[in-house]
Amino acid sequence: MAIADILRKTVAASLTSLYGQDFTGSDFQVNQTKPEFEGDYTIVLFSLVKRIKKSPDQCGNELGAYLLQQHPDLFSGFNTIKGFLNLSISNGFWLDVLTQNFADASFGRTPAGKGKVMVEYSSPNTNKPLHLGHLRNNFLGWSTAAILEADGQQVVKTCIANDRGIHICKSMIAWQLFANGATPASTGTKGDHFVGDYYVLFGTELKKQVDELVAGGMDKEEAEKQAPIMQQAQQMLVDWEAGKPEVIALWKKMNSWVYEGFETTYKRIGSDFDKTYYESETYLLGKDLVETGLAKGVFFQKEDGSVWIDLTAEGLDQKIVRRRDGTAVYITQDIGLAVRKHEEFGCDKSIYVVGNEQDYHFKVLKLICQKLHLPDADNIYHLSYGMVELPGGRMKTREGTVVDADDIIDEMVKVAREKTEELGKVKDFTPAELTELYDIIGLGALKFFLLRVDPKKKMLFNPEESIDFHGFTGPFIQYTHARIKSILRREMPGPANISTPLLPLEKDLLVAMEQYPSVIEQAAASFDPSLVANYAYSVAKTFNSFVTEHKVLAAETEEKKQLRLRLCQMTANVIASAMQLLGIRVPERM
RNA sequence: GGCCCGGUAGCUCAGUUGAAUAGAGCAACUGCCUUCUAAGCAGUAGGUCAUUGGUUUGAAUCCAAUCCGGGUCACCA
């Protein structure tokens, strides 16, 4: 049990026996003691004053003395200052934490057995390449899954390929019109970029046609509908749903190019899935459910044949679930997918990692599923994350203001190489080892940068300033790990019986590491990898302070050396473990 | 306009369930590499926690109003 929980329990029990009323752990706050005061953990007494009817200081002194007397193994002292009871935890407790866990690489993790959860992430459109926003999604999804697993849950990672719909038809039409049979192979272009270029081309051509129509006196909204290229795209979607062979063939061909490109990128960033769903396979099930809902009266049909749900009673609007021409919309397939997921895996919770611009969509989706009485409807959880913005504002593919995923990865790896060469510490590495190291550092920097921020909040990426390998960054933590390994390569902990008093910096480290299991638990409960990132950073920082102040191999005594070697090993384990939860590898040397 | 989210140092961000003098990193400045990796450490400077009012022994945190920014309300996804 975590020390904070032990304190909560112990203090509640002590209060109960001291004052003859029932107290629970939530009647008071347990904080880490601020550095300027003596002690390790602090009980905030103000909330108790009303019930006990004594001054905070008197209460603190009574409670402190009682705790010390009842639990001499756990506490070594206390002081009460202005309503705060500062407790010193005994040396022995911290040494126990160390000796029990220093060699355990799985320290902090809970064995499986807490239920089953599905994490859907990535969810790309197969008409354009991935950009920085998709990377945030992938890193967040992968890391959340890893954290849930470390928390003892069985995790199923899924991906939905949004491989059908009007947006796909746009790339296809543009390719038909302008490509003259060109392919990724014939142009030497990565498949997803190749198709993305035609998506952009569609937009350019559409704008041209709209401008012409507007010049001819049509209003803009109407022109966008009437533009020939748009009509062609819409016709193509109808043909696609009707299964017209040449359309299906083209669609398969272009999607296969995109998948090939995605595969390369996924491999590079380490995204993997237990199951990939395709919208082209789930939308029909969704359309069936629309029929069912129509029969049940959950949906209603308008005169033009389009099908809707009325959510005005829930404070939302009416939402279309099937177009006038009978084709499916975005949300149609999501309804089908929810059912498919349940049939196949039946999880206790179904998490969708999708940007916060779709908050409304998921609110509607959940409501629709509930109204249809679909199983697991209540278990839908939208893990909504903020957009990645550039100094000039949002990224928009159509406007070309995106940071391409492949480009930014290459750039980070390049900077990692330059920086490493500059420092010249690994000149004996083979070329293969160097390539791997640059990947570890470059991707580590990128992943850490995107994961260290609260997922819910939008974040800013400034290409000029955001690529940094110092301070609160992935490479800083990787570097700390490499330094520890450098010590451990010279000597590993040997047998020892340690009872030496802990110096402040030694204890700070143990206090930090003792919190690791709670950090995982909290990160899992709130689906928030940034807690793990912040934690890993604070552990690394604490270690660096310790190691510059105290020698390990040349410690004052053999016992001290053994103590510090254990601290080194445990810190390296915790850092490596926490970084693994973020999908970041740590090097032995750098 | 309705609904949702946000506003903390020059910049990027922490600050879980209210508590002690609001913390990091970057940028700026000062020190520290003949001894375990200086991608490091120690320090200086930098704040009206958007504004106003309220609740409380105590508010960056809770409530209300206002101002500012973003998202969304598509027969796009």
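Letters go in sequence order (proteins before strands), and every chain restarts at 1. All values below come from the heavy atoms of this structure, side chains included, with hydrogens, waters and symmetry mates left out.
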Which residues in [range] have at least one heavy atom lying under 4.0 Å from any atom of RNA chain B?
| range | answer |
| --- | --- |
| residues 315-323 of chain A | A:D317, A:I320, A:R323 |
| residues 443-461 of chain A | A:R452, A:V453, A:D454, A:K457, A:K458, A:M459, A:L460 |
| residues 411-420 of chain A | A:K419, A:T420 |

Practice task
For atom CD of A:E36, decide whether the heavy atoms of other residues, nucleotides or ligands shown that lie under 6.0 angstrom number more than 12.
Solution key: yes

Handout entry: Presence of A:S545 side-chain N/O under 4.0 Å of B:A42 phosphate oxygens OP1/OP2
Key = yes

Practice task
Would you please confirm or rule out a distance under 4.0 Å between OP1 or OP2 of B:G25 and any side-chain N or O of A:K541?
Solution key: yes

Check side chain to side chain donor-acceptor pair (under 3.5 Å) between [X] and all other residues, then give those that pass, not counting sequence neighbours.
| X | value |
| --- | --- |
| A:Q318 | A:K302 |
| A:D57 | none |
| A:Y121 | none |

Practice task
Measure the CZ-CD1 distance between A:R452 and A:I477 for me, rounded to the nearest 0.5 Å.
Solution key: 10.0 Å

Practice task
Spell out yes or no: do the side chain of A:N86 and the base of B:A20 have one donor N/O and one acceptor N/O closer than 3.5 Å?
Solution key: yes

Practice task
Using salt bridge (Lys or Arg N to Asp or Glu O under 4.0 Å) as the criterion, list what pairs up with A:E433, not counting sequence neighbours.
Solution key: none

All ring-ring contact (aromatic ring centres under 6.0 Å, His included) counterparts of [X], not counting sequence neighbours:
| X | result |
| --- | --- |
| A:W251 | A:W240 |
| A:Y535 | A:Y516 |
| A:Y479 | none |

Problem - Nearest-angstrom distance, P atom, B:A14 to B:U56 - result: 32 Å

Handout entry: Whole-angstrom distance between B:G23 and B:A60, as gauged at atom C1'
Key = 12 Å

Completion exercise
Read 5' to 3' with Watson-Crick or G-U pairs under 3.5 Å, [ ] for crossing pairs and | for partners on another strand, RNA chain B gives (((((((..((((.....[...)))).(((((.......))))).....(((((..]....))))))))))))....

Problem - Verify stack between A:F476 ring and B:G40 base, 5.5 Å, 30 degrees - result: no

Exercise for the section: Indicate whether the side chain of A:Q209 and that of A:E205 have a donor and an acceptor atom separated by less than 3.5 Å. Expected result: yes

Heteroatom pairs (N/O) under 3.5 angstrom, protein to nucleotides 16-19 of chain B:
residue	atom	partner	partner atom	Å
B:U16	N3	A:Q522	OE1	2.6
B:U16	O4	A:Q522	OE1	3.0

